[in-house]
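Indexing begins at 1, ligand by ligand and atom by atom, following the structure's order.
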Amino acid sequence: MALPLPDDAPVKDETVADRLARRIAREGSIGVADYMAEANAHYYATRDPLGRSGDFITAPEISQMFGELIGVWLADLWLRAGKPEGTRYVELGPGRGTLAQDALRALRGTGLEPPLDLVEISPTLRRAQAERLPPARWHETMATVPGNGPLLVVANEFFDALPVRQHALGGGELRVRLEEGRFRRDAAEALVEDSPASIEAVGALARRLVAQGGAALIADYGHDRPGVGETLQAVAGHRYADPWEAPGTRDLTAHVDFSALAEAARSAGARVFGPVGQGDWLEAMGIQLRAASLAKAAPERTEEIAAARDRLTGPAQMGRLFKVVALVAPGWPQPAGF
Ligand code: SAH
């Protein structure tokens with residue numbers, strides 16, 4: 001009798017490393033993107049990685065000012081677009097839901113309480129989002145976000161978590177193999193990375209904006225122009241770690257290639273603004289004023305607020321490596337801050 005189970009059916013209590021090793025034993029090797037996708041899916045599904053006790057911290061977890069200024073940016077566009085009916089708030093990879101909470105507060109101030117659509121693969125983080133946010137719908141990708149009205153979209157540190165491929169400069173794709181029980185990526189004198197998953201995601205997003213109206217703010221760390229060299233990295237407990245060890249237990253990310261994202265969005269018909277440094281953008285959006293008014297409301301927290309502002313905007317901190325890019329539907333107003 002043939003067993004009605006595929007060869008790659010999960011084995012009970014198997015770790016991600018076991019599963020990847022089994023797959024490599026079967027197929028000889030796997031691509032870096034497959035390795036990264038499988039490792040991250042498990043990593044995010046099984047923990048809340050954010051914050052001091054986790055593996056890394058993100059801008060919305062540093063200060064409420066970040067989400068608020070994004071909310072102000074979205075609200076300003078929505079108002080100048082003439083307060084279109086049927087507008088939805090969409091967030092890609094919303095983490096703990098902190099950014100959405102802060103942004104939605106700013107939107108409420110202008111009279112907009114949009115339905116929420118959250119693109120999130122992690123069941124653990126979906127639960128965290130449900131605790132903090134008004135009723136929402138969850139999606140695996142943008143494809144199932146309903147409606148044909150304008151979309152106000154936010155993605156912070158989403159694209160850096162999407163899988164990249166690696167190629168030898170001028171040569172073939174680099175593969176991941178097993179050597180004496182360890183994962184080893186093919187050696188190359190120089191390598192380049194690309195991310196078909198990111199191109200697909202930004203293309204899908206841009207097509208929806210072009211068809212329905214709206215705008216997206218994408219914030220992430222990365223470079224303006226594609227470069228040569230490896231940017232894939234692993235972080236665990238706020239320290240760099242080996243990406244080829246213990247997959248699924250550490251966060252794998254790669255620099256976002258903003259020029260590739262911009263090109264994909266433009267070729268789908270969206271208008272693209274930026275990238276600009278996160279520091280410059282937050283300054284242009286009025287982070288100094290916001291910090292001053294928060295400090296006035298809570299004088300005992302003045303130092304903490306100033307430190308958070310510096311961390312978000314300082315060129316040696318998150319101000320320069322992190323960048324902000326906007327996608328805007330044709331016919332929508334010019335976005336603030338660019
Ligand atoms: N935006 C949040 C979280 C960033 S961490 C913040 O700034 O704090 C990356 C987020 O993207 C997590 O919520 C993670 O679960 C989600 N994510 C990672 N890969 C994903 C994928 N392929 N599809 C949807 N969500 C994904």
Please tabulate, line by line, the atom pairs linking an N/O of ligand 1 to a protein N/O at a distance below 3.5 Å, with the distance in Å to 0.1, or answer 'none'.
| unit_1 | atom_1 | unit_2 | atom_2 | d |
| --- | --- | --- | --- | --- |
| ligand 1 | 1 (N) | Gly93 | O | 2.7 |
| ligand 1 | 1 (N) | Asn156 | O | 2.8 |
| ligand 1 | 7 (O) | Thr58 | OG1 | 3.4 |
| ligand 1 | 7 (O) | Asn156 | ND2 | 2.8 |
| ligand 1 | 8 (O) | Thr58 | OG1 | 2.6 |
| ligand 1 | 13 (O) | Gly95 | N | 3.1 |
| ligand 1 | 13 (O) | Glu120 | OE1 | 2.6 |
| ligand 1 | 15 (O) | Glu120 | OE2 | 2.5 |

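- Rounding to the nearest 0.5 Å gives a distance of 8.0 Å between CZ of Arg290 and CG of Leu69.
- In this structure, NE2 on His238 lies 9.0 Å from CZ on Phe56, to the nearest 0.5 angstrom.
- Nearest heavy-atom pair, Arg309 versus Ala291, reported as atom, atom and distance to 0.1 Å: CD-CB, 4.2 Å.
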In sequence, state the C-alpha distance, the side-chain angles, and the governing distance for Leu312 and Gln317, and then conclude on side-chain contact (heavy atoms from CB on, under 4.5 Å). CA-CA 7 Å; Leu312 293 175; Gln317 303 195 56; over 6 Å; no
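- Within 6.0 Å of CD in Gln288 there are more than 12 heavy atoms belonging to other residues, nucleotides or ligands.
- Of the N and O atoms on the side chains of Trp78 and Thr87, at least one donor lies less than 3.5 Å from an acceptor on the other residue.
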